[in-house]
J.: 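I am attaching a structure below and will ask some questions about it afterwards.
In what follows, chains carry the letters A, B, and so on, assigned in the order in which the sequence lines appear, proteins first and then strands, with residues in each chain numbered from 1. We use all heavy atoms of the structure for the numbers below, so side chains are in, but hydrogens, waters and symmetry mates are not.
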Protein chains: 4
Amino acid sequence: MPVISAERMQGRIDAIVEAASAVFAAKGYEAASIAEIARRAEVSDGLIYRYFSNKRDLLYRVLEAFYERVVAALEKEVAKDAGFEERLHALVRRHLGNFVADRELCRLFLSEVRVASDYKGSTIQTLNRRYASVLTGLIEAGIAAGEVKTDASARLIRDVIFGAIEHIAWPYVNGDGKLDVEATAQSVTALICGGICLPQQKNPEEAPRT
Amino acid sequence: MPVISAERMQGRIDAIVEAASAVFAAKGYEAASIAEIARRAEVSDGLIYRYFSNKRDLLYRVLEAFYERVVAALEKEVAKDAGFEERLHALVRRHLGNFVADRELCRLFLSEVRVASDYKGSTIQTLNRRYASVLTGLIEAGIAAGEVKTDASARLIRDVIFGAIEHIAWPYVNGDGKLDVEATAQSVTALICGGICLPQQKNPEEAPRT
Amino acid sequence: MPVISAERMQGRIDAIVEAASAVFAAKGYEAASIAEIARRAEVSDGLIYRYFSNKRDLLYRVLEAFYERVVAALEKEVAKDAGFEERLHALVRRHLGNFVADRELCRLFLSEVRVASDYKGSTIQTLNRRYASVLTGLIEAGIAAGEVKTDASARLIRDVIFGAIEHIAWPYVNGDGKLDVEATAQSVTALICGGICLPQQKNPEEAPRT
Amino acid sequence: MPVISAERMQGRIDAIVEAASAVFAAKGYEAASIAEIARRAEVSDGLIYRYFSNKRDLLYRVLEAFYERVVAALEKEVAKDAGFEERLHALVRRHLGNFVADRELCRLFLSEVRVASDYKGSTIQTLNRRYASVLTGLIEAGIAAGEVKTDASARLIRDVIFGAIEHIAWPYVNGDGKLDVEATAQSVTALICGGICLPQQKNPEEAPRT
DNA sequence: TATGAATGAGCCTTCATTCAT
DNA sequence: AATGAATGAAGGCTCATTCAT
């Protein structure tokens, strides 16, 4: 008996998280209502409070579930043996891909959680760090292998990469156009690796004339 | 009489925008209340609705005012005659500086507006484009002057630069640490210009022949 | 214009207090709902919160209004020049009379406020003290005039008198019988003044025999 | 088997009543929740409804248990052979002592039950009457023995005594000071027995003739 | 133009009680 | 007998917005 009950219970919890995921994603945290989530999960309002301590807790559980999935995928993707640039390319592609595949949850995260005062110390933050550490690790490995310059800290490099990707993906996340993941990943990786400046002759007038 | 009245009116509008700016920045859009803004502007609740069609409109006007100031400053900053890298450095420094000087309004913008469905076509978006076009223009000038590579589009480069800066600035915007603008601007500019990868010998066995 | 508005406003406030008075008295604090009070006052729910900070505040204002009326009446009643017993009798009659005239508000006060943790320091407590001090003053005057014994403190005497009256009145306050105020006041006053014990011969066997 | 079951059942019931007693006493009726009581009794929520028809019923059973204990103690205390004043003194002391020993349950009773509309006809009322009849009996015995005046009814005297004690004890019941039971019992008994007024010369000018 | 009283829908949350297991 | 998941009604309170003055 407890087994059936436990399964049923888990089913309800999943239904709630799923419904909340959809409603939060579609309307944003503030505009979403517990009543709507309950209706969508085919559950009473009250039941939500048996499993989640409040609306905000529910949001966080939704994002945790999402993040867990995404972190695992990234770790798996980048784990493969390969050179730095190739692995970076895989990471960029996957990261961009996440914005395409889960644009609404990404938007939810970026707009509701990052800003939140209760973000620090949350499980979400831990997952976020794990996600980020995949790239940091990759960069450090690249440095160790002599593939990456040592002018800048791994952390700075990581911020540049993630920041760039997010900024590029944003219009697609927020709007409705399509993002060519493959092409963009290619360009971004190349750009990041090679920089944007051509070597300059510092003193042109002193340069060798023919 | 009508003159005085018009001046008075403008004064009221300014007071409202200023008050709203402070309250929105301090509390965020949802948590801010019209009543508090009115109180702060020493104006009745109702009057706000004579000049602004609703709460959201007021938010937008606040951000417009902010953006106008910021865009003008950026355009002035980067206008100076100089080489690409120097001008880029100035832009990066200024952009980072904005996050430091107006972190709360920046946070407001990033969390409330970018996500909004009514963002497209708004005056804000126009200002945002103008802000972005400063960098695009700079890059194009760099390309024209042969200082910047032509592998990637100016738009992509621009996204990488802005994205990187925002990502780096974010923890400081949201938290309470201090950001060393000068040092960060230096590193970021260098990183962006030079890339992160060391030149690799593609085919070691086919290496330099005598 | 502000005059009309202010009058109208005061009228609303009075209506709310009156409605709240009736509903609280009839149902008790917990069972009373803001919605019902609003309906009864022909006012919207929200308006109540313009004038009263919360439900509890409304309760206190109701009881303050009641208490102010009652305190003033008592002070006036007992103020008359007369001997101690006569004045005490007037006070007892008036106090009993209050329980009869406003039994529901008395019940409300006794059940909801006296127990409350926020009672101390409230305006209600101040009024309560003022009410009590009428009797304390009367007793002290009686002592000063040599009409009252000095075996017990004025405070103790006061507690005995108020406690006795409340206990006697309670069944009528809570139930639906009628209380004969005049007769009861007479008996209580006599009892309090004269005590209940007959003088006893301590050692009857040693007493003078005829 | 059925015996064990019956014992177990009684144990559960006792545990529930005990838990409810603690929770009601600590938080008051409204603020107490069935869930907390169940948790404390290490019993499921549902089980409570097998033995008690609803929350209010549980409250009444708690107070019955309390009252039974208290009534028995009072009857025993006052049963001893002694003169009226001595026995009254014992009763007063015991009654005051109850407020000190069980102040929270006393408060619960005074605030939740006395006011209740379903009080009449309840077992509680019966117990209350039994409690009161101890004093009534004592007074009647005093009257029969010629120790007590016959000016007032036993019932009135009883109300004065109980009312006085409750009123004196209340601040200690509700607040956190300490009550000196011995001293207070002494003063109250003396006051009640002897009254508060000094004999007055009705017509001073017509005073003692030779 | 300016006020601010008034509205009322809507929200999160609690909890006594029930009932399938 | 016992559980505890589930219900669902109810309630206090907020606040953007309107409109009579």
Side-chain angles (χ1 to χ4, degrees), chain A residues 1-6 8-13 30-38 42-56 58, chain B residues 2 5-6 8-9 12 30-39 43-58, chain C residues 1-6 8-13 30-38 42-58, chain D residues 2 5-6 8-9 12 30-39 42-58:
Chain A
M1 280 61 134
V3 175
I4 289 175
S5 186
R8 184 187 165 84
M9 190 177 131
Q10 190 56 49
R12 301 277 217 173
I13 294 177
E30 294 285 352
S33 85
I34 291 288
E36 185 177 352
I37 293 169
E42 288 177 298
V43 142
S44 70
D45 292 31
L47 191 63
I48 292 181
Y49 288 85
R50 172 168 292 278
Y51 300 119
F52 306 90
S53 49
N54 51 42
K55 191 185 175 187
R56 190 128 203 110
L58 181 52
Chain B
S5 185
R8 180 184 165 85
M9 189 178 120
R12 301 275 221 174
E30 294 285 350
S33 83
I34 292 290
E36 184 177 354
I37 292 168
R39 210 180 310 129
V43 142
S44 69
D45 293 28
L47 192 65
I48 292 181
Y49 286 85
R50 178 162 297 279
Y51 299 121
F52 305 89
S53 49
N54 52 39
K55 191 185 174 186
R56 189 124 204 116
D57 180 42
L58 181 53
Chain C
M1 278 61 133
V3 176
I4 289 174
S5 186
R8 182 186 167 83
M9 189 176 129
Q10 190 55 49
R12 301 278 218 174
I13 293 177
E30 294 285 351
S33 86
I34 291 289
E36 184 175 353
I37 293 169
E42 289 177 297
V43 143
S44 68
D45 292 30
L47 192 64
I48 292 180
Y49 288 86
R50 172 167 294 278
Y51 300 119
F52 305 90
S53 48
N54 50 41
K55 191 185 174 187
R56 190 127 203 112
D57 180 43
L58 181 53
Chain D
S5 185
R8 181 184 164 85
M9 189 178 122
R12 302 274 220 174
E30 293 286 349
S33 83
I34 291 289
E36 184 176 352
I37 292 168
R39 210 180 311 128
E42 290 177 294
V43 141
S44 70
D45 293 30
L47 192 65
I48 292 181
Y49 286 85
R50 178 163 297 277
Y51 299 122
F52 305 90
S53 51
N54 52 39
K55 191 185 174 185
R56 191 124 203 116
D57 179 41
L58 181 52

J.: Quickly work out the C/I13 CD1 to E/dG4 C1' distance and round it to whole Å.
T.: 13 Å
J.: Which whole-number value in Å describes the distance from B/F52 CZ to F/dT18 C1'?
T.: 18 Å
J.: Rounded to the nearest 0.5 Å, what separation is found between the CG atom of C/L47 and the CD1 atom of C/I13?
T.: 8.5 Å
J.: State the OH-CG distance between C/Y49 and C/D57, to the nearest 0.5 angstrom.
T.: 10.0 Å
J.: Indicate the atoms forming the closest heavy-atom contact of A/E30 with A/K55, along with that distance.
T.: O-NZ, 3.5 Å
J.: Can you tell me which stems involve DNA chain F, if a stem is defined as three or more consecutive Watson-Crick or G-U wobble pairs, both distances under 3.5 Å?
T.: E:2-21 with F:2-21
J.: Specify the separation, in whole Å, of atom CG of A/L58 and atom C1' of E/dT13.
T.: 13 Å
J.: Suppose we screen for side chain to side chain contact (heavy atoms under 4.5 Å, CB included). Which residues come up paired with B/A35, at least two apart in sequence or across chains?
T.: B/S33, B/R39, B/D45
J.: Base contacts versus sugar-phosphate-only contacts with protein, heavy atoms under 4.0 Å: please encode nucleotides 6-13 of chain F as B, S and - from 5' to 3'.
T.: BBB---SB
J.: Roughly how far apart are A/I34 CD1 and A/I48 CD1, rounded to 0.5 Å?
T.: 5.0 Å
